[in-house]
Amino acid sequence: MKIASWNVNSVGARLPRVLDWFRAAEPDVCVLQEIKCVDEKFPAEAFEDLGYNCYVYGQKSYNGVALLSKHPAEDVIRGLPGFEDENSRYIEALIVPEDAEAVRVGGLYLPNGNPAPGPKYDYKLAWMEAFERHAARLLEDEESFVLAGDYNVIPEPSGVYAPDRWVDDALFRLESRQAYRRILNHGLTDALPHLIGHDYYTFWDYQRGAWGKNNGLRIDHLLLSPQAADRLEGGGVDADVRDPEQGDGSCKPSDHVPVWVELG
DNA sequence: ATGGTGGAGCATCCA
């Protein structure tokens, strides 16, 4: 079962490229971040035509997440449990395929947190605390789950092209990295570094020719429960979709690329 | 030190 995550930076503006990738990659489940539309504006029919059930937690202009699944989902949760959030940043569902074991999938768009320090950074750290509590709560069930999304955290220096320039940024500040480490320390597996090492990026800024210079960041992650990690068979980063030359020119690429794992 | 890009939606805010 293939489970993917992609920050699409507006599903409306990105639709042709997003659908191209779905047709090629054929994920069983994919969580999307920054859809930037309300539920009613989500292009559900386009995904339903490809065989997906759509579960959406939208928001006007900013944020917004969705979970798309070829298999019907149960227990759909919108919003991070136990956290009062004015933004749409979390969606979770239990996926029960006919031909594979069940897996719970959480899709998250963690706050950026800049400028730091300040109220936006405080919000990021509070969000991470609530997320850690939720992950710990899920671990008590001893079931397979994947928490995937745009974490907006660079876990370590290998995740950024010039670490010394990012030490004061909310994505790389010590408190952010410590909070991410605390989440992992509950017993979760950061799937892609485990599989393919640390030498990859998932985001390239639109500015300053970042893509051409490979000035990237590793900020999109898939964290697995022990039961899901036991089923881990593969995974990857579809970096080619970041290439502005790819596609028919009808829209520009997202600044993030899809990340995915294969569970047996 | 500044500005460089992109999306939403129409003046800026956010990333």
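Protein chains get the first letters and strands the later ones, always in sequence-line order, with residue 1 at the start of each.
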> For DNA chain B, whose closest nucleotide is more 5', that of Asn114(A) or that of Asp205(A)?
Replying inline: Asp205(A)

> Taking only N and O in the side chain of Lys252(A), is any of them less than 4.0 Å away from OP1 or OP2 of dG6(B)?
Replying inline: yes

>> In whole Å, I'd like the distance from the CZ atom of Arg242(A) to the P atom of dT5(B).
In response: 13 Å

> Starting at OH of Tyr121(A) and ending at P of dC14(B), how long is that distance when rounded to a whole Å?
Replying inline: 19 Å

>> For the P atoms, the ones on dC14(B) and on dG9(B), what distance do you get once it is rounded to whole angstrom?
In response: 14 Å

> Within the structure shown, what part of the strands sits under 4.0 Å from Lys120(A) by heavy-atom distance: base, sugar-phosphate, or nothing?
Replying inline: sugar-phosphate

> Expressed in angstrom and rounded to an integer, what is the separation of Leu110(A) atom CG from dA15(B) atom P?
Replying inline: 12 Å

>> Just the rounded figure in Å: distance from C1' of dC14(B) to CG of Asn9(A).
In response: 10 Å

> Rounding to a whole Å, what distance do you find between Tyr206(A):OH and dG7(B):C1'?
Replying inline: 8 Å

> Pairs in or reaching into residues 93-108 of chain A: which pass side chain to side chain donor-acceptor pair (under 3.5 Å), with residues at least two apart or in two chains?
Replying inline: Glu92(A)-Arg104(A)

>> Under 4.0 Å from OP1 or OP2 of dG6(B): is there any side-chain N or O of Arg14(A) that close?
In response: no

> When rounded to the nearest Å, what value does the distance between P atoms of dT5(B) and dA11(B) take?
Replying inline: 24 Å

>> With rounding to the closest Å, how many angstrom separate the P atoms on dA1(B) and dA15(B)?
In response: 24 Å

>> Any side-chain to backbone donor/acceptor pair from Asn152(A) onto Leu110(A)? Under 3.5 Å, distance only.
In response: yes

>> Whole angstroms only, please: what is the OH-P distance between Tyr62(A) and dC10(B)?
In response: 10 Å

> With a cut-off of under 6.0 Å to the ring centre and 45° to the axis, is Arg89(A) in cation-pi contact with Tyr109(A)?
Replying inline: yes

>> Any salt bridge linking Glu156(A) with Arg218(A)? Criterion: basic side-chain nitrogen under 4.0 Å from a carboxylate oxygen.
In response: yes

> Counting side-chain heavy atoms from CB outward, which of dA15(B), dG6(B), dA8(B) is closest to Ser61(A)?
Replying inline: dA8(B)

> Nearest nucleotide by nearest heavy atom, which residue falls closer to the 5' end of DNA chain B, Gly113(A) or Gly12(A)?
Replying inline: Gly12(A)

>> Looking at Asp141(A) and Arg137(A), is any side-chain nitrogen of the basic one under 4.0 Å from a carboxylate oxygen of the acidic one?
In response: yes

>> Could you tell me how far apart Ile35(A) (CD1) and dA15(B) (P) are, to the nearest whole angstrom?
In response: 16 Å

> Asp255(A) CG to dG6(B) P: how many Å, rounded?
Replying inline: 10 Å

>> Heavy atoms only, 4.0 Å cut-off, all strands: where does Phe203(A) land among base, sugar-phosphate and nothing?
In response: nothing

> Picking from dT5(B), dG6(B), dG9(B), which would you name as closest to the side chain of Gln207(A)?
Replying inline: dT5(B)

